[in-house]
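Proteins come first, then strands; the chains are lettered A, B, ... in the order of their sequence lines, and each starts at number 1.
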Amino acid sequence: MKVLCVAEKNKISKSVSASLSRNNFQSRNTKSKYVKNYSFRFNFPQWGDCDVIMTAVSGHIMQKEIPSDYGWGKVPNDSLFKCPIVTRYGDDNAKKIAENISELAKSSDVLMIWTDCDREGEYIGWEILKAAQEGNSSFTLDNVYRARFSHLESKHIYSAACNPVRLDKLAIDAVDTRMEIDLRTGYCFTRLLTDSFRNVIKSDSVDDDNNNGNSTKNKKKNDKMISYGNCQFPTLGFVVDRFRRIKYFKEEEFWGIDLNLKKDRKKFPFIWERNRLFDRLQTVCIYQNCINEQSDNVVVKHVSTNPTTRYAPLPLTTVELQKDCSRYFKFSAKDTLQVAENLYTKGLISYPRTETDSFPRSMDFRHFITMQTASSEWGEYSSSLLNETNHKFRVPRRGKHDDEAHPPIHPVGYADNLTGKEKTIYEYVVRRFLASCSLDATGSMTSIKVQWATETFHSTGLVVLERNYLDIFKWDHWDSSKKGLPNVAVGEHIQISDATISSGKTAPPQPLTETELISLMDVNGIGTDATIADHIDKILTREYIIKQKLGSGKSSKEVFHPTILGYGLADGFGKLGFNNISLTKPFMRKDMENDLADICQGSKPKGQVLKETLDVYRDAYTITDEKVSTLVNAYKTALNHSRS
DNA sequence: GCAAGGTC
């Protein structure tokens, strides 16, 4: 029997080949530079000793497209809601990969799909089946095998090979639905917006004066692209929302009581339990009452000291990596992913696109920690984790997310010759990994409550007892309180040093940081770990948002503001009066995700979801088209406001 | 010229 195995990427096909063949496999180049064919023998329980060829694709092979008959300007925009959709090869390389599969399929008796165990992986499996059918029409959904695996440990891979299932047609339907909705709505709204803003906004990069816009060719070239995407717009919405909260923020004055106590010739500040009141008179009355009743001392009501813990970090996911690299190093999410990919291809870290925050049970932590003992910076710490007598090592905590395809990001090789961003991110991944293998930090928290007439005040103080992971994860700060607490007992009277009424004003929120934006997208299901950075980058290049440095020195950070165009678009879409929907909020995407889950469950057919969803977008399109002047005017208003 | 999702 001849068995053809196909993985989602070469890396996996090589690793699976090595596991199944016990490192006894031959490798051949293909026409695609990303893919190799590996051959070996394997004894499958259902077919006996087989000749196996294992190859891979490189992500999706095919791409959905609007047919050229429905090109820009050739048809009414809304015909894109019902026009046929064609699929073609993503690029030349994808075609070579598909041909490699068709060719191999000709002489194969069995086809086994080894794509990632997620929705997209199921769909890529379907694309692989289609390519195989070109060469061997006997392969169908009913006889193709699908290996289910969630990591690359040999035993697990062996078991996956021996217990294959079928491709999940429902998951394939779900992905197909998402693709169709994104394509139709994206193209349709993009054409409308770009055409509507044609004479209102000019691209910066062209010489407008020399071009009167008569030539279609020049028109295209000079147009500013105003793209719409089901992820782009909610992303823009997050930035605009924060901007609005700042813009319309009304500051309020508040009052409080500052109390300083005196003991052993030292002063200790205490915090009012009511924190602050927005009523000056009430604050003054309370203050006067305290002074009158008990003018020079307070009574200690409560003293407690409790152990407290600061948890070592969870195993690292893509989104966490991007958030921390933005926060600590000011790297954009896109740069971070790019650099992490370089480190991955150099064999230094594991696959950098993962949602999983718990390591496989069989993970050999010692192996990966041992590698790091060579470092002059963290080698000593790594050795101390390995030292059995001091019990510094612990199996990392387990998070609740599992993409069932990749383990958390961790170092898999050692290097000390890296420079620039690669050095920084590698060090981060290593320290984070070592930290997750370290004990939690411990401390003791003392809390004192005192009573001054009717009012209660408190103060807390932290003493860090064991730093543990903090020693290696240097970006996390948890320090003993500098001020300390007075040494007091319950019932004791303490002298008041001074008590004053303070006042302040509420402050507006800060503009959105990239860390916050990534979090918002992540929790709202806008994009995936692999695409969140792309969506942010896209609306930056479309000039819907800009990045700005806020503050100076060590505390400076980079934040996002909407541009006039971005604000105008979000504001304009808000004024169109859709029926209970918003294109700049994440809810439509969430609804669609729920529908896709229903398709996977079999509780809603693909056709129904497509129709219902596209109907909603089509209504929105019709309204946008009718009131497009409202949209343009919102932009003009924003422009005028910015000039005045 | 236009989306989002894979991967290099």
Discussion item. Using a heavy-atom cut-off of 4.0 Å across all strands, would you classify Glu8(A) as base, sugar-phosphate, or nothing?
Written reply: sugar-phosphate
Asp534(A) atom CG is separated from dA3(B) atom P, nearest whole Å, by 12 Å
Considering every strand and a 4.0 Å limit on heavy-atom distances, what is the contact class for Arg542(A): base, sugar-phosphate, or nothing? sugar-phosphate
- Query: Between Thr318(A) (side chain) and Thr354(A) (backbone), is there a donor-acceptor pair under 3.5 Å?
  - Reply: yes
Closest non-hydrogen atoms of Leu236(A) and Ile539(A), given as atom of the first, atom of the second and distance, are N-CD1, 3.7 Å
(Q) Using the ring centroid of each side chain, check whether Tyr544(A) and Tyr567(A) are separated by less than 6.0 Å. (A) no
- Query: With a 4.0 Å cut-off on heavy atoms, is Lys33(A) in touch with a base, just the backbone sugar-phosphate, or nothing at all?
  - Reply: nothing
*asked:* One thing to verify: whether Arg119(A) and Glu593(A) come together as a salt bridge, which I'm taking to mean a side-chain N less than 4.0 angstrom from a carboxylate O.
replied: yes
With the side chain defined as heavy atoms from C-beta on, Trp72(A) is closest, among dG6(B), dT7(B), dG1(B), to dG1(B)
Ring centroids only, cut at 6.0 angstrom: are His406(A) and Tyr351(A) within range, meaning strictly under it? yes
Notebook entry, point to check: With sugar-phosphate meaning primed atoms plus P, OP1 and OP2, does Ser58(A) contact a base, only sugar-phosphate, or nothing at under 4.0 Å between heavy atoms?
Noted result: base
Exercise. Kindly say whether Gly59(A) contributes a backbone atom to a donor-acceptor pair with the side chain of Glu8(A) at under 3.5 angstrom?
Key: no
Considering only heavy side-chain atoms of Gln232(A), the closest of dT7(B), dC2(B), dA3(B) is dA3(B)
Original post:
Is any side-chain nitrogen or oxygen of Thr531(A) closer than 4.0 Å to OP1 or OP2 of dG5(B)?
Top reply: yes
The correct set of residues in residues 586-599 of chain A placing a heavy atom under 4.0 Å from DNA chain B is Arg589(A)
Out of dC8(B), dC2(B), dG6(B), minimum distance to the side chain of Glu120(A) belongs to dG6(B)
Between CG of Asp91(A) and P of dG6(B) the distance, given in whole Å, is 17 Å
So, with a heavy-atom separation below 4.0 Å from DNA chain B, the residues of residues 343-354 of chain A are Tyr351(A), Arg353(A)
Ordered by number, residues from residues 171-194 of chain A within less than 4.0 Å of DNA chain B (heavy atoms) are Arg178(A), Met179(A), Asp182(A), Leu183(A), Gly186(A), Tyr187(A), Thr190(A), Arg191(A), Thr194(A)
Atom CD1 of Ile536(A) and atom P of dG5(B) are separated, to the nearest Å, by 13 Å
Here the distance between atom C1' of dA3(B) and atom OH of Tyr621(A), to the nearest Å, is 16 Å
message: Any side-chain to backbone donor/acceptor pair from Ser332(A) onto Asp335(A)? Under 3.5 Å, distance only.
response: yes
Within less than 4.0 Å of OP1 or OP2 of dG5(B), is there a side-chain N or O belonging to His535(A)? yes
- Task: Just call it for Asn93(A): base, sugar-phosphate, or nothing, with non-hydrogen atoms closer than 4.0 Å on any strand.
- Result: base
Item to complete: Measure the acute angle between the ring planes of Phe189(A) and Tyr228(A), then classify it against the limits of 30° and 60° as parallel, tilted or perpendicular.
Response: tilted
Exercise. Give Gly90(A) one of three labels, base, sugar-phosphate or nothing, depending on what nucleic acid heavy atoms sit under 4.0 Å from its own.
Key: nothing
Cationic N near anionic O, under 4.0 Å, Lys334(A) to Asp534(A): yes
To the nearest angstrom, the CZ-C1' distance between Arg119(A) and dA4(B) comes to 12 Å
Gln63(A) atom CD is separated from dG6(B) atom C1', nearest whole Å, by 10 Å
_Check ion pair Glu122(A)-Lys169(A) (N to O, under 4.0 angstrom)_ = no
Original post:
Would you call Lys95(A) and Asp91(A) a salt bridge, taking side-chain N to carboxylate O under 4.0 Å as the test?
Top reply: no
With stacking defined as ring centroids separated by under 5.5 Å and planes differing by under 30°, is Tyr34(A) stacked against dC8(B)? yes
To the nearest angstrom, the CD1-P distance between Ile539(A) and dC2(B) comes to 17 Å
To the nearest angstrom, the NE2-P distance between His406(A) and dG6(B) comes to 9 Å
Closest to the 5' end of DNA chain B, once Ser227(A) and Gly59(A) are matched to their nearest nucleotides, is Ser227(A)
| query | Does the distance from a Lys or Arg side-chain N to an Asp or Glu carboxylate O, for Arg432(A) and Asp324(A), drop under 4.0 Å? | reply | yes
Exercise. For the pair Ser603(A) (side chain) and Asp598(A) (backbone), establish whether a donor and an acceptor sit closer than 3.5 Å, ignoring hydrogens and angles.
Key: yes
